[in-house]
Amino acid sequence: MTISASMPGTGQNLLADTTVKLARQTNARIQGLIAQAPDLQARYETARKIIRAFRRPSFYEVSQKCNLWCEGCYYFENDKRQVVGNEMSDDGWDAFFAAEDDRGVSMAYLVGAEPSLYPHRLRAATKNIRYGKIGTNGTVVIPRDISFRIGISVWGNETDDAVLRGGSVLRKAMRNYTGDPRAVMLFTLSPWNLDSVGDVLKAAEDHDVKLTFSMYSATTSYLAKLTAGTAADSKYFRLGPSLARAVFTDADLAKAHEAMLDAMQRYPDTVIFSAEYADLITRPGPLYDMDPETGLPLDCGSRIRDPLRYFDTAGTQKQVKCCTPDVDCNHCRLYSGSWSKLFKPTQKHLADQGSFEGWLSMIETIGQIFLYPFPFESTA
């Protein structure tokens, strides 16, 4: 007997029925937990608003140029990256983001090599899309009328910068964004910089800039060069052969976990983070369930699947695996995928009141890191 997808309760309808059933069970469990602790109702409503802001997100490469030479760069170490020769004009970017607004995009991730080099493109996005996150190295000031959250990549203290990025990036970034409410320093921990956490935290506090953490996740290209014993070059593999392998050992993970929790305790007014998320991101082994057939994660929140899309500087939708296409999924601990997989609470998150509060804390942290302004001016 052939089962038709159009038959009630089978095929696609069965999947839909199961999804609806699980959603109802999850909602019933949440309402039960709130009934036991009514003060959680307001926090849950805030969490729902935060999640709604990400209902239709998209990634946009707005730049193919950069002013730094960072070791193991996610963008330029991708040996599959193709240079786009027909970038959109300023008018083209205006029309493109207006169309994205019409498509209902609620959250724009503005990425690439260095987005701050193209303020018009950023401005076109902020005029049309309610929320956005700009990824930048912080060396170029993004004009104040561009009202998106600004995530400034930090790779360590000034000594680390000189080695890993070729200049004093931290000092410039702190000076450029002192007291800027849009800015969050994204300190990317790596096996190379775990001893410089204190210096970076002190700098952020001194300059009245918020700070959060991510974890370096090497590209497949970079790891392949290390495995093959490739000689150093003059660009993005200058140091590979002479540095510790860019993959966290269990000891590194324990040290990173301790550093995160210590930072939250010592700098509560500066650090935006969650103890529950620190536990998640530093656990040993792969963070994701891997598909044995494709070698890709089944549960990564940054996989490019509808409604999430990815566009290059020509405005062309790209069929790539995730927001950082060349990262090795087996070692990936990037904050984008790990945070976004939390939007749907699991049974573990709903096991008891404490677990539910931990999930709410993580969602609130997502809102602070990614959304500007926060708290909300509007939930439209």
For a quick test of reading the model, state the closest non-hydrogen atom pair linking [X] to [Y] and the distance between them.
{"X": "Y177", "Y": "G138", "value": "CE1-O, 3.7 Å"}
{"X": "F370", "Y": "M107", "value": "O-CE, 3.6 Å"}
{"X": "F97", "Y": "L110", "value": "CZ-CD2, 4.1 Å"}
{"X": "H207", "Y": "A203", "value": "ND1-O, 2.8 Å"}
{"X": "S217", "Y": "H331", "value": "OG-O, 3.9 Å"}
{"X": "S336", "Y": "C323", "value": "OG-SG, 3.3 Å"}

Is the shortest distance from a Lys or Arg side-chain nitrogen in [X] or [Y] to a carboxylate oxygen in the other one below 4.0 Å?
{"X": "K255", "Y": "D195", "answer": "yes"}
{"X": "R123", "Y": "D145", "answer": "yes"}
{"X": "K225", "Y": "E77", "answer": "yes"}
{"X": "R144", "Y": "D180", "answer": "yes"}
{"X": "R43", "Y": "E357", "answer": "yes"}
{"X": "R171", "Y": "E158", "answer": "yes"}
{"X": "K202", "Y": "D206", "answer": "yes"}

Would you tell me whether [X] and [Y] have side-chain atoms, one donor and one acceptor, within less than 3.5 Å of each other?
{"X": "E364", "Y": "Q368", "result": "no"}
{"X": "N193", "Y": "S196", "result": "no"}
{"X": "T139", "Y": "N137", "result": "yes"}
{"X": "R103", "Y": "S58", "result": "yes"}
{"X": "Q64", "Y": "E87", "result": "yes"}
{"X": "D326", "Y": "S221", "result": "yes"}

Do [X] and [Y] land in one hydrophobic cluster if side-chain heavy atoms of ILVMFWY residues count as linked below 4.5 Å?
{"X": "L117", "Y": "F76", "value": "no"}
{"X": "L342", "Y": "I51", "value": "yes"}
{"X": "L170", "Y": "L164", "value": "no"}
{"X": "Y75", "Y": "V169", "value": "no"}
{"X": "I150", "Y": "I272", "value": "yes"}

*asked:* So if I apply the side-chain contact (heavy atoms from CB on, under 4.5 Å) rule between T212 and each of V271, I369, V154, T270, which one comes out positive?
replied: I369

*asked:* If the test is side-chain contact (heavy atoms from CB on, under 4.5 Å), which one of I152, N176, L122 qualifies with I142?
replied: L122

*Apply side-chain contact (heavy atoms from CB on, under 4.5 Å) to L287 and R333, showing your working.*
CA-CA 7 Å; L287 294 186; R333 296 177 185 275; 3.3 Å; yes

*Could you tell me whether a side-chain N or O of T227 sits under 3.5 Å from a main-chain N or O of L223, the two making a donor and an acceptor?*
yes

*Once the angle between the rings of F273 and Y277 is folded into 0 to 90°, is it parallel (under 30°), tilted (30 to 60°) or perpendicular (over 60°)?*
perpendicular

Heavy-atom check, side chain of [X] versus side chain of [Y], under 4.5 Å:
{"X": "Q353", "Y": "L40", "result": "yes"}
{"X": "E114", "Y": "L68", "result": "no"}
{"X": "L201", "Y": "F187", "result": "no"}
{"X": "I30", "Y": "L33", "result": "no"}

[atom1]/[X]: more than 12 non-hydrogen atoms of other groups inside 6.0 Å:
{"X": "Q41", "atom1": "CD", "value": "yes"}
{"X": "K172", "atom1": "NZ", "value": "no"}
{"X": "R305", "atom1": "CZ", "value": "yes"}
{"X": "E258", "atom1": "CD", "value": "no"}

*Which is it for V111 and K133 under the side-chain contact (heavy atoms from CB on, under 4.5 Å) test, yes or no, and what are the steps along the way?*
CA-CA 9 Å; V111 297; K133 176 75 179 292; over 6 Å; no

With ring centroids as reference points, do [X] and [Y] lie under 6.0 angstrom apart?
{"X": "F96", "Y": "Y60", "answer": "yes"}
{"X": "Y109", "Y": "Y310", "answer": "no"}
{"X": "Y372", "Y": "F148", "answer": "no"}
{"X": "Y216", "Y": "Y74", "answer": "yes"}

*Report the C-alpha distance between F237 and Y222 in whole Å, list the side-chain angles of each, state the deciding distance to 0.1 Å, and finish with yes or no for ring-ring contact (aromatic ring centres under 6.0 Å, His included).*
CA-CA 7 Å; F237 192 69; Y222 194 84; 5.1 Å; yes

*Could you give me the CA-CA distance, side-chain angles and deciding distance for Q25 and K21, then say whether side-chain contact (heavy atoms from CB on, under 4.5 Å) is met?*
CA-CA 6 Å; Q25 291 174 343; K21 183 178 180 180; 3.5 Å; yes

*Under the side-chain contact (heavy atoms from CB on, under 4.5 Å) criterion, do K321 and C329 qualify, and how do the steps go?*
CA-CA 10 Å; K321 70 173 183 179; C329 298; 3.1 Å; yes

